[in-house]
Protein chains: 2
Amino acid sequence: MPSKPAKPKISIATRDPKAPQASAASIEEVARLAGVSTATVSRVINNVPNKASPATRERVLKAVETLSYLPSRAGRALRQQRSHIVGVLAPDLGNAYHALISGSIERALRDQGLVMVLANTGEDPDQQDAMLREMRALQVFGVVMLGAVQSPELEQSLKSNEPLVFVNRRCPYDVPARHVGIDNVRAASEVAEYLFSQHHQGAWIFHAPLKSSASRDRVTSFQRRFQELAGADCPLPEIDVSTRRRDSAYQLAKTHISADAPPRAIFCTTDEIAYGVARHCFEIGLSLPRDSTIFGFDGNPMNEFLAPWLSTVRSPYELFGPAVVDALNAFYDESKASGPFDSILPFEIILSNGLQTAHAPAEPEPV
Amino acid sequence: MPSKPAKPKISIATRDPKAPQASAASIEEVARLAGVSTATVSRVINNVPNKASPATRERVLKAVETLSYLPSRAGRALRQQRSHIVGVLAPDLGNAYHALISGSIERALRDQGLVMVLANTGEDPDQQDAMLREMRALQVFGVVMLGAVQSPELEQSLKSNEPLVFVNRRCPYDVPARHVGIDNVRAASEVAEYLFSQHHQGAWIFHAPLKSSASRDRVTSFQRRFQELAGADCPLPEIDVSTRRRDSAYQLAKTHISADAPPRAIFCTTDEIAYGVARHCFEIGLSLPRDSTIFGFDGNPMNEFLAPWLSTVRSPYELFGPAVVDALNAFYDESKASGPFDSILPFEIILSNGLQTAHAPAEPEPV
DNA sequence: CGATTAAGGGTAATCGATTACCCTGTCAAG
DNA sequence: CTTGACAGGGTAATCGATTACCCTTAATCG
């Protein structure tokens, strides 16, 4: 055999663009091949007990194998009035925190035979509403709200008791609703204790919009604990980064932080905000964490590589998926229907272990 | 009116966990309310021309509004043998590059009224196969392969001419297949030119597995161009990071790079790999980019904030979504069915503009 | 032995849309 | 006046599953 370039090990006949989509086998064909009715095939596939003898079962499974039969999701959903799809509504996949949690949720769903429809909502009520309607049209198994905002359809969904799980941020309406997240109050309190132990003088706070319960909890708990320790008149300047984006934080840091009197301690309610603040700090010649201790929230795994100067509260990303799936299943399990509505996951305080300094950017070199 | 705590502005009656899911209105009810047949309702909804007088149209739309009718996706999919779902198979949502591209694709799909099912495949052929089967069962509108690997079901999908679009990495089989990505060959060649202009002595290469066409193109093109400029005997040590993860790159950098003779130029085939290599460089006391020029690929937008020392080839994230949607639509458009199979997007060379140094990590401080 | 009960399995209704096919007017061209 | 063409709209088949209901057989119980 002459040696050939080996990259595509298996070669396929050239695709015929006009080849008809060989329509997949239906339950009818399986039934015919196995010599039983479609009812029996359905029962075998769905493991209905006492409805098929071992011999029949075997014949059906053999036919399924032969035809490589896959039940049509549409047929099933139409009849059962329920699909195996779970919608995940996330503010922004560009945010590592949301992307990681979505990833964790997807893996956990897959283990249950469910699939994830993922949508960016941009924290926009209209987009959130459009997607909630879409989820209804899909008759989803459940909806996961990663960073919900108030919106009419969300209200509607709550009223009709649709299977809804809120992640991280709690439900923006005052009704009982399932929730998965960390204990932001305790975490922020521990951060306050740590920062107080390092810098008794006070700390600056850069926070995301307070419409989010997570941001609120983090800010108020931090303030309360710090003032408990340092006295009520302790300065805790509060800067509202009106988005949750690093560039907004960067711009705000520019107007608030100057090299002559930099804050010795900075508490940011998310890592993203910390990145923006830190960028400015580096650009005015500060050295972190020597000149300022900066604390974030979320614990992006990338920090170890790119932001060793950042202390943060790490969320247990991999636990979110299973917890969300449990919360969804509870909607269909009579016995758990009124179980606990909150799933509080453990967090971890990560202290900066790297001393990293930056100088002002040089002029870009010409190509 | 007495002032009340204002957080949840709208209050909802306590949810009744046993409330029946008020089943949504069907096309039948709309037809009854409008006094027409379901056929007419369907035609109005789908804008079939010359099938409804303006008056009828109006009545139907009014009924749709009144009942807040939403067509069942399952009913539609069952009849049309095609859903409005697009599957996106990505190796890992924890990778910012994949997350950003998925986000862009989702937005573009939404603009077309399509929804995205997203799945992590972990570059595992078995998981990829399971998801490809799932996509068939869902009768998806199309499948987007972000980082495809060879697998039996993929072969099968290609053979049956399913609507498949490969992103970034080309199809791992040697058949015509639609592809969206940047011109890796040209990009790597330009990187080689730049690195040569800075450091004629040569460069080290850290690369992801060469099973990926993107990695192959980047490595071979870089080598070819650098050797054209520097001579064939120019040293270009090549280190295979067998995963595409930053921690693997970090470990390999540890065994290959020492402080006494660090490489003056390092070419990494992805930003993630560059992060791992850079971490080691920082830890042994190097200053980047002063001591080494390090080049990545992908252009994570976070670099501006967290890795200003990194030069990189930036992918136009926001262009991926529309390009992918175009490629998918081409499968259903007779006139475009045999159009160009490749959509090559522009890239941008980003040169490091920050000088940032790191010292070895300090002992973690006790809590 | 008769009456129950459980196992095994078939028949056909059902879910909610789309669409092929058919029918009725109207109007303009020839 | 006849003939088409076209607008407007209804009837019913169809997509592929699940499942309520029914039937037969065999085993069990008193």
Side-chain angles (χ1 to χ4, degrees), chain A residues 21-61 63-64 67-85 113 134 136-141, chain B residues 21-61 63-64 67-85 113 134 136-141:
Chain A
Q21 301 264 53
S23 64
S26 76
I27 199 173
E28 181 108 22
E29 301 169 55
V30 175
R32 194 155 40 232
L33 181 57
V36 296
S37 73
T38 62
T40 298
V41 175
S42 176
R43 286 162 182 149
V44 168
I45 288 173
N46 294 297
N47 287 311
V48 179
N50 299 334
K51 275 301 195 181
S53 67
T56 308
R57 211 183 131 67
E58 212 47 53
R59 284 214 315 287
V60 170
L61 292 179
V64 165
L67 300 172
S68 55
Y69 166 69
L70 271 174
S72 151
R73 297 298 190 179
R76 191 190 293 236
L78 181 57
R79 172 63 214 236
Q80 298 192 324
Q81 299 292 300
R82 172 133 273 118
S83 74
H84 72 315
I85 296 173
E134 181 63 52
R136 256 199 288 279
L138 280 167
Q139 296 173 98
V140 291
F141 181 86
Chain B
Q21 301 265 51
S23 64
S26 75
I27 199 173
E28 183 108 22
E29 302 169 54
V30 175
R32 194 155 41 232
L33 180 58
V36 297
S37 72
T38 61
T40 299
V41 175
S42 175
R43 286 161 182 150
V44 168
I45 288 173
N46 294 295
N47 287 312
V48 180
N50 300 334
K51 276 302 193 177
S53 67
T56 308
R57 209 182 133 68
E58 213 46 54
R59 284 214 316 288
V60 169
L61 293 178
V64 165
L67 301 172
S68 57
Y69 166 69
L70 272 174
S72 151
R73 297 300 191 178
R76 194 191 290 240
L78 181 57
R79 171 64 214 232
Q80 297 191 325
Q81 298 291 301
R82 171 132 276 119
S83 74
H84 73 315
I85 296 172
E134 181 62 55
R136 254 197 294 274
L138 279 166
Q139 296 172 96
V140 292
F141 182 86

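Just the heavy atoms: all of them, side chains too, but no hydrogens, waters or symmetry mates, feed the values below. Every chain is numbered from 1 and lettered A, B, ... according to where its sequence line falls, protein lines coming before strand lines. Just so you know, these numbers come straight off a predicted model, no measurement behind them.
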Length of the line joining [X]:[atom1] and [N]:[atom2], which is rounded to integer Å:
X	N	atom1	atom2	value
R79(B)	dG16(C)	CZ	P	17 Å
N46(A)	dA17(D)	CG	P	11 Å
E29(B)	dC15(C)	CD	P	11 Å
I27(A)	dC15(D)	CD1	P	14 Å
N47(B)	dT19(C)	CG	P	13 Å
L70(B)	dC15(C)	CG	P	19 Å
E58(A)	dG8(C)	CD	P	15 Å
R82(B)	dG16(D)	CZ	P	13 Å

May I ask you to say what [X] touches in the nucleic acid, namely base, sugar-phosphate or nothing, with a heavy-atom cut-off under 4.0 Å?
X	result
I45(A)	nothing
A52(A)	sugar-phosphate
R73(B)	nothing
V48(B)	nothing
S53(B)	sugar-phosphate
T40(A)	sugar-phosphate
S72(B)	sugar-phosphate
V41(A)	nothing

Hey, which sits more toward the 5' end of DNA chain C by its nearest nucleotide, Q80(A) or T56(A)?
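The 5'-side residue here is T56(A).
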Practice problem: Could you tell me whether the side chain of R59(A) and the main chain of A34(A) form a donor-acceptor pair under 3.5 Å? | Solution: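 Flag set: sc R59(A) to bb A34(A) pair under 3.5 Å.
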Within the distance-only criterion (no hydrogens, no angle test), does the side chain of S83(B) pair as donor or acceptor with the backbone N or O of Q139(B) below 3.5 angstrom?
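Yes: the side chain of S83(B) pairs with the backbone of Q139(B).
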Just compare [options] and give me whichever is closest to any side-chain atom of [X].
X	options	result
L78(A)	dA17(C), dC21(C), dG16(D)	dG16(D)
S37(B)	dG10(C), dG10(D), dT18(C)	dG10(D)
S26(B)	dG16(C), dA12(D), dA17(D)	dG16(C)

Practice problem: Compare side-chain N and O positions of Q81(A) against OP1 and OP2 of dT18(D) and report whether any pair is under 4.0 Å apart. | Solution: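 No, Q81(A) has no side-chain N/O under 4.0 Å of OP1/OP2 on dT18(D).
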Tell me the closest heavy-atom pair linking [X] and [Y], and the distance in Å.
X	Y	result
L70(B)	A137(A)	CD1-N, 4.2 Å
R82(B)	F141(B)	NE-CA, 4.0 Å
I45(A)	Y69(A)	CD1-CE2, 3.2 Å

Output one line per pair: protein atom, nucleotide atom from nucleotides 3-7 of chain D, and distance, for all N/O pairs under 3.5 Å.
| residue | atom | partner | partner atom | Å |
| --- | --- | --- | --- | --- |
| dA7(D) | OP1 | N50(B) | ND2 | 3.1 |
| dA7(D) | OP2 | N50(B) | ND2 | 3.1 |

Worked verdict on T56(B) versus K51(B) for side chain to side chain contact (heavy atoms under 4.5 Å, CB included): CA-CA 10 Å; T56(B) 308; K51(B) 276 302 193 177; over 6 Å; no
- Task: Could you tell me whether the side chain of N47(A) reaches within less than 4.5 Å of the side chain of R57(A), counting heavy atoms only?
- Result: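 Result yes, sub-4.5 Å side-chain heavy-atom pair found.
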Between Q139(B) and R43(B), which is nearer to the 5' end of DNA chain D once each is assigned its nearest nucleotide?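 The residue whose closest nucleotide sits nearer the 5' end is R43(B).
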Ignoring hydrogens and angles, answer whether the base of dG8(D) and the side-chain atoms of R57(B) contain a donor-acceptor pair closer than 3.5 Å.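 Such a pair does not exist between side chain and base.
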query: So does R76(A) reach the base of dT18(D) with its side chain, donor to acceptor, closer than 3.5 Å?
result: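 Per atom types, no contact qualifies.
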Check: To the nearest 0.5 Å, how far apart are CD in E28(B) and CG in L33(B)?
Finding: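 The distance works out to 12.5 Å.
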**Item:** Separation of E134(B) CD from I85(B) CD1 (nearest 0.5 Å)
**Value:**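 Here the rounded value is 9.0 Å.
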